[in-house]
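Report on one structure; see the data block that follows.
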Protein chains: 2
Amino acid sequence: MKTLQRRTGIALWRQVADEIRQTVLPGLAANERLPAEAELAIRFGVNRHTVRSAIAALEKEGILRAEQGRGTFLNDRKRLRYPIGRRTRFSSGLEDQAQTRSGKLLSSETMPAPPHVATALSLAAGAPVIQLSTLSTADAVPISAATSWFDAGRFSQIAELYAETGSITVSLARLGVDDYTRKTTAVEARHASSEDLDLLALSPGAIVLLTRGIDIDSDGRPVLYGESRFTADRVELLIDNRAAETPA
Amino acid sequence: MKTLQRRTGIALWRQVADEIRQTVLPGLAANERLPAEAELAIRFGVNRHTVRSAIAALEKEGILRAEQGRGTFLNDRKRLRYPIGRRTRFSSGLEDQAQTRSGKLLSSETMPAPPHVATALSLAAGAPVIQLSTLSTADAVPISAATSWFDAGRFSQIAELYAETGSITVSLARLGVDDYTRKTTAVEARHASSEDLDLLALSPGAIVLLTRGIDIDSDGRPVLYGESRFTADRVELLIDNRAAETPA
DNA sequence: TATGGTTGTCTAGATAAATAGACAAATATG
DNA sequence: CATATTTGTCTATTTATCTAGACAACCATA
């Protein structure tokens with residue numbers, strides 16, 4: 001196999017790690033043994049030491065474990081499925097997948113609305129908005145880092161409420177928004193920025209799923225505009241268009 | 001700024017390219033000039049030559065253009081917005097964004113259904129299915145590579161029809177499926193595999209958005225199960241949950 | 001047309017990644 | 001307990017990446 005490319009700025013061992021993830025692991029059951037390092041080296045056309053670097057990286061990510069004399073084994077881990085629909089909430093939809101879930105307020109700031117935020121919230125450009133930076137975890141593992149903007153006039157207490165409750169839904173309920181629904185969600189994927197690496201405990205080159213969404217209340221008024229970064233190796237997004245989606 | 005990390009298997013120039021993409025370009029209008037190479041080198045704490053490698057890479061991607069004596073400029077390019085909803089079609093929804101769109105059949109094969117395909121199509125494990133590999137382009141640029149599976153009993157002519165028409169929708173219509181809707185779509189992101197690099201004309205380390213979706217006909221019977229890989233730097237997915245989504 | 005700022009090219013040396021080979025340490029098995 | 005298989009560690013060498021500095025080529029403008 002001669003599929004790896006050199007002189008591309010991506011170290012060979014990293015490419016090998018990606019190939020193992022994508023072409024070797026899918027064929028294995030949990031706790032099953034991988035082919036020996038020497039065999040993988042031949043298969044990918046690289047030195048055994050390069051394969052070892054790749055395996056070391058995957059081991060550090062918690063995907064594999066190597067045992068001297070026995071072999072290297074696939075750990076038992078599954079990806080979190082994060083539902084996105086009209087009623088997108090962090091907590092609900094994950095109950096059966098994680099024991100504990102939490103939301104932490106990293107920072108809040110009142111600022112004039114940047115152009116795209118003003119547009120999303122149907123506010124005048126530069127109108128005051130509150131920006132929340134939050135981090136959500138499931139079973140103590142960082143799942144997403146989000147930045148949300150709210151109309152400062154309508155939701156002046158949002159930061160304090162979120163800090164107290166750890167939930168956007170609960171905070172909004174206390175401010176008189178009984179219900180809200182997701183209007184649109186845009187999804188992109190990109191390499192994690194240095195800030196993402198930090199917040200989400202990722203290693204360089206990692207991928208984040210970026211969603212940008214607008215939530216509206218029952219009158220159709222925009223309630224919040226948010227951008228979330230999900231760790232792509234721990235999360236997949238599930239978009240459900242079934243009949244339950246029908247507007248009330 | 002000291003945000004770059006060394007010894008990670010990602011060459012510094014590539015990290016610089018990503019940082020430029022994410023922290024410098026968003027602040028620029030189309031055709032606006034970037035800070036000078038020397039200034040960027042200081043900002044990122046690397047040698048000017050490293051910045052030049054990064055710019056060369058972005059130039060090769062068509063994002064920037066460097067002009068000797070004048071500076072380096074941001075090209076005018078926009079990301080394609082690919083709508084995902086109950087009625088997900090490749091052609092419609094892109095009309096206003098690309099002059100020409102085409103679908104090409106790469107290969108087709110009849111095979112026993114792999115477990116996850118059988119589940120998705122509500123078939124018995126191992127029942128015969130037709131697998132289509134297709135490539136979709138917009139304005140001659142590869143946008144997505146897809147693998148789709150159909151019940152071989154119900155849609156035996158699907159490969160020939162797709163080869164002829166370049167459209168799943170039209171092919172299905174000729175086989176008596178007047179309408180179909182998307183039941184669920186799962187979205188993941190990962191590094192492009194060597195096959196993806198090839199098909200989608202990407203460079204190593206590039207990201208693909210992977211969607212896995214099930215389409216059903218008006219009776220609720222599964223029509224196709226498909227997995228699509230989108231080039232993350234040229235496409236974003238737009239999930240629309242508005243009232244138009246209401247089932248017919 | 002002189003000047004300052006910009007990108008382009010070249011040389012040289014330092015640091016990181018990849019290859020090659022040898023052997024130790026642990027494990028499973030006959 | 002002898003043997004084959006596997007991962008772990010070490011040394012040495014080659015290749016790629018990054019840094020450093022100097023200067024050429026080109027552009028805008030005073």
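Numbers restart at 1 for each chain; the letters A, B, ... are given by sequence-line order, proteins then strands.
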Can you sort out the partners of [X] under side chain to side chain contact (heavy atoms under 4.5 Å, CB included), two or more places apart, ordered by chain and number?
X	value
B/D198	none
A/T211	A/I84, A/T185, A/V187, A/S228, A/F230, A/L237
A/Q97	A/L80, A/R81, A/L94
B/S133	B/L106, B/S107, B/Q131, B/T147

*Counterpart residues, salt bridge (Lys or Arg N to Asp or Glu O under 4.0 Å), relative to A/R33 (two or more places apart)*: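 Partners of A/R33 under the salt bridge (Lys or Arg N to Asp or Glu O under 4.0 Å) test: none.
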*Using heavy atoms and a sub-4.0 Å distance, could you list which residues of residues 55-64 of chain A are near DNA chain C? By number, please.*
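The answer is none.
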Could you write out each protein N or O paired with an N or O of nucleotides 20-22 of chain D at a distance under 3.5 Å?
| unit_1 | atom_1 | unit_2 | atom_2 | d |
| --- | --- | --- | --- | --- |
| D/dA20 | N6 | B/H49 | NE2 | 3.1 |
| D/dG21 | O6 | B/H49 | NE2 | 2.5 |

*Round to the nearest Å and state the distance from A/Q68 atom CD to D/dC10 atom P.*
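After rounding, the reported distance stands at 12 Å.
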*B/L34 CG to C/dT7 P: how many Å, rounded?*
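Whole-Å distance recorded here is 9 Å.
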Can you identify which nucleotide, out of [options], has its nearest atom closest to the [X] side chain?
X	options	value
A/T72	C/dT19, D/dC18, D/dT7	D/dT7
A/R52	C/dT7, D/dT6, D/dT9	D/dT9
A/W13	D/dT19, D/dG8, C/dA18	C/dA18

What nitrogen or oxygen pairs link the protein and nucleotides 28-30 of chain D at under 3.5 Å?
| unit_1 | atom_1 | unit_2 | atom_2 | d |
| --- | --- | --- | --- | --- |
| D/dA28 | OP1 | B/R70 | NH1 | 3.3 |

*Lys/Arg N to Asp/Glu carboxylate O, A/R101 vs A/E95, below 4.0 Å*: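 Judged by the 4.0 Å cut-off on N to carboxylate O distance, A/R101 and A/E95 do not form a salt bridge.
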*asked:* Can you tell whether the side chains of A/R43 and A/E19 come within less than 4.0 Å, N to carboxylate O?
replied: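 Here A/R43 does not pair with A/E19 in a salt bridge, since their nearest N and O are not under 4.0 Å apart.
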Pair up each side-chain donor or acceptor in residues 57-65 of chain A with any protein partner under 3.5 Å, not counting sequence neighbours, and list the distances.
| unit_1 | atom_1 | unit_2 | atom_2 | d |
| --- | --- | --- | --- | --- |
| A/E59 | OE2 | A/A66 | N | 3.1 |
| A/E61 | OE1 | A/R21 | NH1 | 2.9 |
| A/R65 | NE | A/E67 | OE2 | 3.2 |
| A/R65 | NH1 | A/N31 | OD1 | 3.2 |
| A/R65 | NH1 | A/N75 | OD1 | 2.6 |
| A/R65 | NH2 | A/N31 | OD1 | 3.3 |

*Through what angle, rounded to 10 degrees, does the axis of the helix from C/dT1-D/dA30 to C/dG30-D/dC1 turn between its ends, using five pairs per end?*
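Comparing the first five pairs with the last five, the axes sit 30° apart.
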_Any non-hydrogen side-chain atom of B/I168 less than 4.5 Å from a side-chain atom of B/Y162?_
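Yes, close enough: below the 4.5 Å cut-off.
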*asked:* According to ring pair (Phe, Tyr, Trp, His ring centres under 6.0 Å), who are the partners of A/F150, at least two apart in sequence or on a separate chain?
replied: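 Counting only residues at least two positions away or on another chain, A/F150 forms no ring pair (Phe, Tyr, Trp, His ring centres under 6.0 Å).
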*For A/H116, check ring pair (Phe, Tyr, Trp, His ring centres under 6.0 Å) against everything at least two apart and list the hits.*
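Ring pair (Phe, Tyr, Trp, His ring centres under 6.0 Å) list for A/H116, sorted by chain: A/Y225.
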